[in-house]
Amino acid sequence: MLIDSHTHLYLENFGSEKHDVIRRAIDAGVNLMILPAIKSSEIAHQQELASAFSEHILLSAGLHPSDVKADFEAELARVEAELMTGKYIAVGECGIDLYWDKTYFEEQKIAFERQISLAKRFDLPLIIHAREAFSEIFEILDKHIDDTLRGVFHSFTGGVSEVHKILEYKTFCFGINGIVTFKNSGLDKVVKEIPPEKILLETDAPFLAPVPQRGKRNESAYLVHIAQKVAEIYGTSYEEIAKITTSNTEKLFRLNS
Ligand code: NI
């Protein structure tokens with residue numbers, strides 16, 4: 001069994017095939033899928049999948065940094081209201097993205113700090129999105145880190161120095177996706193620096209489809225290719241990587257308690 005710790009199967013990219021995509025994942029052994037939030041207009045779509053596949057779909061509530069705009073206060077109020085329902089296992093995805101648009105950089109920082117506070121208040125892990133913003137994110141985390149704050153750096157593409165910085169927090173994991181299968185990504189050498197007990201697998205579907213599906217619309221069934229590659233990098237078996245990453249994900253999101 002595998003867990004896809006980050007997949008946006010509720011997006012319009014999947015059109016009317018959303019349920020088929022989930023069934024294909026389950027058939028491929030991807031028994032559990034975590035759907036991170038982006039913005040309030042997608043919440044109903046997330047919830048539709050969670051109610052149709054309650055044994056296989058778990059939800060996170062949050063505001064994606066690229067969706068932090070002038071209305072971010074209203075968006076955060078909705079995130080808080082959702083968390084109050086007790087139906088969510090994480091806060092995010094949240095963080096800072098300076099790749100797409102820097103217009104709302106100040107607001108992105110505020111929204112990230114507010115979601116850190118929500119994670120602490122609701123005792124939930126953070127799903128962090130960091131794009132061209134590691135130093136800005138570390139600066140904020142350094143201020144708020146404590147024994148209870150935990151989470152995952154999703155779609156991790158940092159280098160060895162970022163690995164060591166994140167390991168110092170002790171309570172944060174690394175989300176590894178299809179980028180690790182891309183020739184010349186260099187991520188394989190970085191992954192070797194990460195202890196296997198800190199690795200979560202993710203697809204980030206519909207984006208970043210792994211080789212041999214690169215360039216296509218990604219889906220959670222393709223997680224098997226990522227697990228295979230990570231097993232190769234560590235020189236271990238697919239079964240061993242499936243077992244350890246499932247256990248890591250269950251621990252971080254407290255799925256057994
Ligand atoms: Ni995402």
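Numbering of ligands and ligand atoms starts at 1, following listing order. As a basis for the values below, the full set of heavy atoms in this structure was taken, side chains included, without hydrogen atoms, waters or symmetry mates. All residue numbers refer to positions in the sequence shown, counting from 1. What you see is a predicted model, and the numbers here were worked out from it, not measured in a lab.
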Report task. Check whether any side-chain N or O of Asp67 sits under 3.5 Å from a backbone N or O of Leu63 as a donor-acceptor pair, and report yes or no. Result -> no

Report task. Under the ring pair (Phe, Tyr, Trp, His ring centres under 6.0 Å) rule, collect the residues that match up with His19, sequence neighbours excluded. Result -> Phe53

Query - For His56, all residues meeting ring pair (Phe, Tyr, Trp, His ring centres under 6.0 Å), sequence neighbours excluded - result: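 With sequence neighbours excluded, His56 shows a ring pair (Phe, Tyr, Trp, His ring centres under 6.0 Å) to no residue whatsoever.
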
Which atom, counting only N, O or S, brings [X] closest to the Ni ion (ligand 1)?
X: Glu93; result: OE2
X: Asp204; result: OD1
X: His6; result: NE2

Query raised in the report: With a 3.5 Å cut-off and no angle check, do the side chains of Glu82 and Gln47 form a donor-acceptor pair?
Result: yes

Requested in this report: Look at His8 and state whether any of its N, O or S atoms is less than 2.8 Å from the Ni ion (ligand 1).
Outcome: yes

